[in-house]
2 protein chains.
Amino acid sequence: MAQSDTVDRILDAAEVLFAERGFSETSLRMITSKAGVNLAAVNYHFGSKNALIHAVFARFLTPFSDTLERAFDDLEQRCNGKPPTLDQTLRALTESAVRMPQRNDRGISIFMRLLGLAYTQSQGHLRKFLEQEYSQPFGRFMRLLKEATPQLTAVDRYWRIQFMLGATAFTMSSSDALRDILQNKLGVATTVQEMVARLVPFLAAGMQATDPMQLAVSKPSVA
Amino acid sequence: MAQSDTVDRILDAAEVLFAERGFSETSLRMITSKAGVNLAAVNYHFGSKNALIHAVFARFLTPFSDTLERAFDDLEQRCNGKPPTLDQTLRALTESAVRMPQRNDRGISIFMRLLGLAYTQSQGHLRKFLEQEYSQPFGRFMRLLKEATPQLTAVDRYWRIQFMLGATAFTMSSSDALRDILQNKLGVATTVQEMVARLVPFLAAGMQATDPMQLAVSKPSVA
DNA sequence: AGTTGTTTGAAACATACGTTTGACAGGTAG
DNA sequence: CTACCTGTCAAACGTATGTTTCAAACAACT
């Protein structure tokens, strides 16, 4: 075969190492030696380390983006006319993520962790790449959120969406470690699906909390 | 003065650059040139780059830790006997953070961003340092959380605390960027204090959401 | 002043990084 | 067979990093 599996070996190794150690802390030499390929292969097949990072994200984000669009289509059709509820919208998102075809058990964890890193590590090129590549499903999700929370002001909604993103990205990005700790501390084994099932009500409740400024204004710091 | 201000110049520069770019992405040469000191000064005064990172955290985390302990003391005394509520506990934390003596306007932002990075960037040495240095106030906070949410199972509480940490750390770690976006998009200027005031009700509501494992269709209620 | 211990300074060190090079193998087509 | 494209390989390149060195400057004290 002309296109050997070198490209996939590199992507597999890179995705695991990036998830474990972050982008700057993972060298091309680590990746290529884990993949069992020559160092020059990365620059030959991808052009640069940044392009490899983009390729790692594109490989799982593009199918996920398609799955998500279809989930939103289904959801809006089921609601015919009426805007979907917040809970429905969140579930469409999380179930799309959890149901993505996984290469193995750790697939979903790596997926999550990478998403967390993408938001967290201030890699300018990555953010730019993701924004202009996946702006459509992201924008659609935002629109659904807006329609599901008409009671919120734009500013309130903005901040609460950030809080949601944070809780999600952070939990995802350390989901493995958190599950391990839980196993050791309380002797409870947890699946990623259960974790997500716990996350959604938390987010929905936070998103729909009573007016935050009411509390803040009525109690202006007792300095 | 024997001990010149070299140490403080380095800490000032390092704290700003770390907050802006992360740890790995900030070189000692950037720090020393911003501080206007010789490159060797870092290794002379601190020993290593990692030790400098620890010193940056210790400089604001130690006073914060003390302030927090006193805030908890006050709180428990005011409640004499009864365990403080979740809202009271969270406010004791956030108000201690916001009221820390700041060197300048950006002080609180940098403080927040660094805390976010500490959780986010998987620097093993940093996590170890923070754990063994500030385990006491952290443990006390966890104990207060437990007493404030007796209705939760240990597992539920564990996950929800992670969600809270995530929303907080993430928002903190990009608080500057998020405030800028809000300014540009909606023309609204926000202080860090307002941001925190919005965060607390979100966290409290999520923390007290109805049982996550039962299927909620819509309508999550808040306490 | 002279001595001692501390702090700075310019330069070098060893190492690791991303990237490039050029030689070489394998298959395909003319 | 020759010519050619594609992919692999070992080696090197240039640069940036954290750290070390050692002499000079400084401060404090007798």
From C:dA10, D:dA12, C:dC17, nucleotide with atom closest to A:Met30 side chain: C:dC17
Under-4.0 Å side-chain N/O to phosphate OP1/OP2 contact, B:His45 with C:dT8: yes
Separation of D:dG18 P from B:Phe23 CZ (nearest whole Å): 14 Å
C:dA16 OP1/OP2 closer than 4.0 Å to side-chain N/O of A:Ser27: no
Given C:dT20, D:dA12, C:dA12, the nucleotide with the shortest approach to the side chain of A:Arg29: D:dA12
B:Glu25 CD - D:dA16 P separation (whole Å): 16 Å
Modelled atom types, side-chain donor and acceptor of B:Tyr44 and B:Thr6, under 3.5 Å: no
Side-chain donor-acceptor contact under 3.5 Å, B:Ser24 with A:Glu25: yes
Cationic N near anionic O, under 4.0 Å, A:Glu20 to A:Arg113: no
Per A:Tyr44 side chain, nearest of listed nucleotides C:dT19, D:dT20, D:dT6: D:dT6
Of the listed nucleotides C:dT21, D:dT19, D:dT21, the one nearest the side chain of B:Leu28: D:dT19
Sugar-phosphate, base or nothing in reach of B:Ala41, heavy atoms under 4.0 Å: nothing
For atom CG of A:Asp8 and atom C1' of D:dG7, their distance in whole Å: 15 Å
Spacing between A:Phe46 atom CZ and D:dG7 atom P, to the nearest angstrom: 12 Å
Interatomic distance, B:Leu39 CG vs D:dG18 C1' [rounded to whole Å]: 8 Å
Proximity to the side chain of A:Ser48 - top-ranked nucleotide from D:dT17, C:dT8, C:dT19: C:dT19
Touch class at under 4.0 angstrom, heavy-atom based, for A:Thr26 against every strand present: sugar-phosphate
Separation of atom CD1 in B:Ile10 from atom P in C:dG9, rounded to whole Å: 11 Å
A:Arg157 versus A:Thr149, side-chain donor and acceptor atoms under 3.5 Å: yes
Closest-nucleotide 5' rank along DNA chain C - winner of B:Gly36 and A:Asn43: B:Gly36
salt_bridge(B:Asp73, B:Arg140) N-O dist < 4.0 Å: yes
Candidates D:dA12, D:dC9, C:dT6 - which lies nearest the side chain of A:Asn38: D:dC9
